[in-house]
Amino acid sequence: MFGIESLDVMIGIITIYLIFALACTAFVEGFSILLDSRGNNLRNALNEMFQGTLDGSGNDFIKAFYAHPKIYSLSKGHKGIPSHIEPSLVSQAVEQVLTNNGKDGLKEAIERLPQTFKKECWFGLKSTTMPSQSKALLSEFYKEACQKTEAAKALVEAHYGAGGIAALKQAIDSQPETIKQKVDEKNEIDVPNPTREMLKALLEDAESEAASFRKLIEEHFDAVMDRASGWYKRHTQIVAFCVSVFLVIGANVDTLKLANALSTNPEARVQMVKLAQEQVNQFQAASAPPAAPTLQAATENLANANADLTSAGIQLGWEETEKIDLNKFFGLLISVLAISLGAPFWFDILSRVMKIRTAGVSPREKA
């Protein structure tokens, strides 16, 4: 079997991968929502930054952070935690937690943080003394913020003289808030004046080390969240693999067996090509492969997918006499690895293969 028939078998296999990958993606998303994986991942990232206590009484820094009104208002329900926090909110909440809403000085508040804290392990039966990450990190940020403030003050004085701050404020006030920017030869739009924004940032740095301190927290939070995104991606890949194993074994999605069935059944190949085109048209209309937001919706999607395959002449499931030998093992393993790659991957592959098939169809077949 060569040419267009081989391509149709490939299309059929890829379509099956796509259908089950959609179900897999939906289940992964459903589990993520159910277990609040994004919120927990964010909390773990923040705990990496601010692990430690606020005082000698053992008040946890992260608990105080999440109890801050601006952070708590983002939470879902009484026991929920936010799945996303803007860096500016993180820096504001950290500063206010440290300084007791501005009642204490920033420097003194950081100095009062304990050097170590007790961390429980072995289900609370044992505790160990750990260095306070929050004190070490925030102390370093404050030190760097003071250096930035001194440098900003020196820069202002060099340009505006001894009364530099007042002169800088006048320079900011004299600058227009927006400037005209050309979109094309005929049209212009108003955009923020970059010179004014630059001078405002310089004034902020020169007036107080607190502004520089918040900026440093925001920058570090962004860097930590880049790492946290990698943690979440690896976590979802593991979950996707486990869900894929469950789906493949449950439905007996054996790639080698399916390829053999499609190669010997012309009618099934025709139906699978039609189903593949329907899938491509549906997803292109939606701009991207959809993912069900709940486990119930994911289950319904899987049932619909099985019905589509049955209507195309592909029967899945285990036969009473079927046994797992080496060929069966490799057929299932290929399916597990393929489906765990996710729906977007197979949607992209299917779209490209369908274009190749359309370009290679003979005039007789088109007729």
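Quick note: residue numbers are just sequence positions, from 1.
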*asked:* Under 4.5 Å between side-chain heavy atoms, counting indirect links through other Ile/Leu/Val/Met/Phe/Trp/Tyr residues: same cluster for I356 and M272 or not?
replied: yes
*Is L256 linked to I324 within one hydrophobic cluster, defined over Ile, Leu, Val, Met, Phe, Trp and Tyr using a side-chain heavy-atom separation of less than 4.5 Å?*
yes
*Check the pair T25 / V28 against side chain to side chain contact (heavy atoms under 4.5 Å, CB included), numbers first and verdict last.*
CA-CA 5 Å; T25 302; V28 170; 5.7 Å; no
*Who are the ring-ring contact (aromatic ring centres under 6.0 Å, His included) partners of F20, not counting sequence neighbours?*
none
*Does the pair E140 and L216 meet the rule for a side chain to side chain contact (heavy atoms under 4.5 Å, CB included), with working shown?*
CA-CA 10 Å; E140 190 62 31; L216 289 169; over 6 Å; no
Expected list for residues 332-346: side-chain donor-acceptor pairs under 3.5 angstrom, two or more places apart:
from: S335; atom 1: OG; to: V253; atom 2: O; distance (Å): 2.6
from: S335; atom 1: OG; to: T255; atom 2: N; distance (Å): 3.3
from: S335; atom 1: OG; to: T255; atom 2: OG1; distance (Å): 2.6
from: S335; atom 1: OG; to: G331; atom 2: O; distance (Å): 3.1
from: S340; atom 1: OG; to: V336; atom 2: O; distance (Å): 3.2
from: S340; atom 1: OG; to: L337; atom 2: O; distance (Å): 2.9
from: W346; atom 1: NE1; to: A338; atom 2: O; distance (Å): 2.6

*Any pair with a residue in residues 251-279 that passes ring pair (Phe, Tyr, Trp, His ring centres under 6.0 Å), sequence neighbours left out, goes on the list, sorted by first then second residue, please.*
none
*asked:* Applying side chain to side chain contact (heavy atoms under 4.5 Å, CB included) to D190 and K180, what does each step give before you reach the verdict?
replied: CA-CA 5 Å; D190 291 329; K180 296 291 184 181; 3.0 Å; yes
*Can you tell me if R269 uses its side chain to pair, donor with acceptor, with the backbone of L262 under 3.5 Å?*
yes
*Atom CD1 in I217, atom CG in L98: separation rounded to 0.5 Å?*
7.0 Å
*Can you name the nearest heavy-atom pair linking Q279 to L22, along with the distance?*
OE1-CD1, 4.1 Å
*Report yes or no: do V353 and V270 belong to one cluster of Ile/Leu/Val/Met/Phe/Trp/Tyr joined by side chain heavy-atom distances under 4.5 Å?*
no
*Can you name the closest pair of heavy atoms from S212 and D205 and give their distance?*
OG-OD1, 3.1 Å
*Examine the side chains of H159 and E157 and answer whether a donor and an acceptor come within less than 3.5 Å of each other.*
no
*asked:* Under 4.5 Å between side-chain heavy atoms, counting indirect links through other Ile/Leu/Val/Met/Phe/Trp/Tyr residues: same cluster for V243 and I249 or not?
replied: yes
*For T53, side-chain hydrogen bond (donor to acceptor under 3.5 Å, both in side chains) partners two or more places apart*: none
*Measuring from L247:CG to L316:CG, what's the distance to the nearest 0.5 Å?*
11.5 Å
*ring-ring contact (aromatic ring centres under 6.0 Å, His included) involving F65 - partner list, sequence neighbours excluded*: none
*What's the spacing between I11 CD1 and K274 NZ if we round to 0.5 Å?*
14.0 Å
*Is the count of non-hydrogen atoms from other residues, nucleotides or ligands lying under 6.0 Å from K257 atom NZ greater than 12?*
yes
*Could I get the full list of ring-ring contact (aromatic ring centres under 6.0 Å, His included) partners for H68, not counting sequence neighbours?*
none
*Are the side chains of E209 and K107 in touch, meaning some heavy atoms are under 4.5 Å apart?*
no
*With R196, which residues qualify under side-chain hydrogen bond (donor to acceptor under 3.5 Å, both in side chains), at least two apart?*
none
*Of all the heavy-atom pairs spanning D104 and N100, show the shortest one and how long it is.*
OD2-CB, 3.6 Å
*For residues 224-269, which residue pairs qualify under ring pair (Phe, Tyr, Trp, His ring centres under 6.0 Å), counting only residues two or more places apart or in two chains?*
none
*side chain to side chain contact (heavy atoms under 4.5 Å, CB included) with N193: which of L199, I172, I179?*
I179
*State whether the side chain of K135 and the backbone N or O of I110 hold a donor-acceptor pair below 3.5 Å, judged by distance alone.*
yes
_How long is the straight-line distance from CZ of R357 back to CE of M10, given to the nearest 0.5 Å?_
12.5 Å
*CD of E144 to OG of S139: how many Å apart, nearest 0.5 Å?*
13.0 Å
_From D60 atom CG to L54 atom CG, the distance as rounded to the nearest 0.5 Å_ = 8.0 Å
*Any donor-acceptor pair under 3.5 Å linking the side chain of T178 with the backbone of V191?*
no
*Shortest non-hydrogen separation from R38 to S83 and the atoms involved*: CB-CB, 3.8 Å
*asked:* Membership question, hydrophobic clusters at under 4.5 Å side-chain separation (ILVMFWY): are I33 and I238 in the same one?
replied: no
If you look only at distance, which donor and acceptor atoms sit under 3.5 Å apart when one is on a side chain in residues 41-49 and the other is two or more places apart or in another chain?
from: N41; atom 1: ND2; to: A228; atom 2: O; distance (Å): 3.0
from: N44; atom 1: ND2; to: N40; atom 2: O; distance (Å): 3.2

*Where S91 and S88 come nearest, the two heavy atoms and their spacing*: OG-O, 2.8 Å
*Under the salt bridge (Lys or Arg N to Asp or Glu O under 4.0 Å) rule, collect the residues that match up with K148, sequence neighbours excluded.*
none
*For K328, all residues meeting side-chain hydrogen bond (donor to acceptor under 3.5 Å, both in side chains), sequence neighbours excluded*: N252, D254, E322
*When you look at M198 and L202, which way does the side chain to side chain contact (heavy atoms under 4.5 Å, CB included) test go after all the steps?*
CA-CA 6 Å; M198 179 187 69; L202 178 61; 5.9 Å; no
*With D348 via salt bridge (Lys or Arg N to Asp or Glu O under 4.0 Å) - residues at least two apart*: R352
_Do K182 and N187 make a side-chain contact, defined as non-hydrogen atoms from C-beta onward lying under 4.5 Å apart?_
no
_Could you report the tightest heavy-atom contact between S134 and G52, atom names first, then the distance?_
OG-CA, 3.9 Å
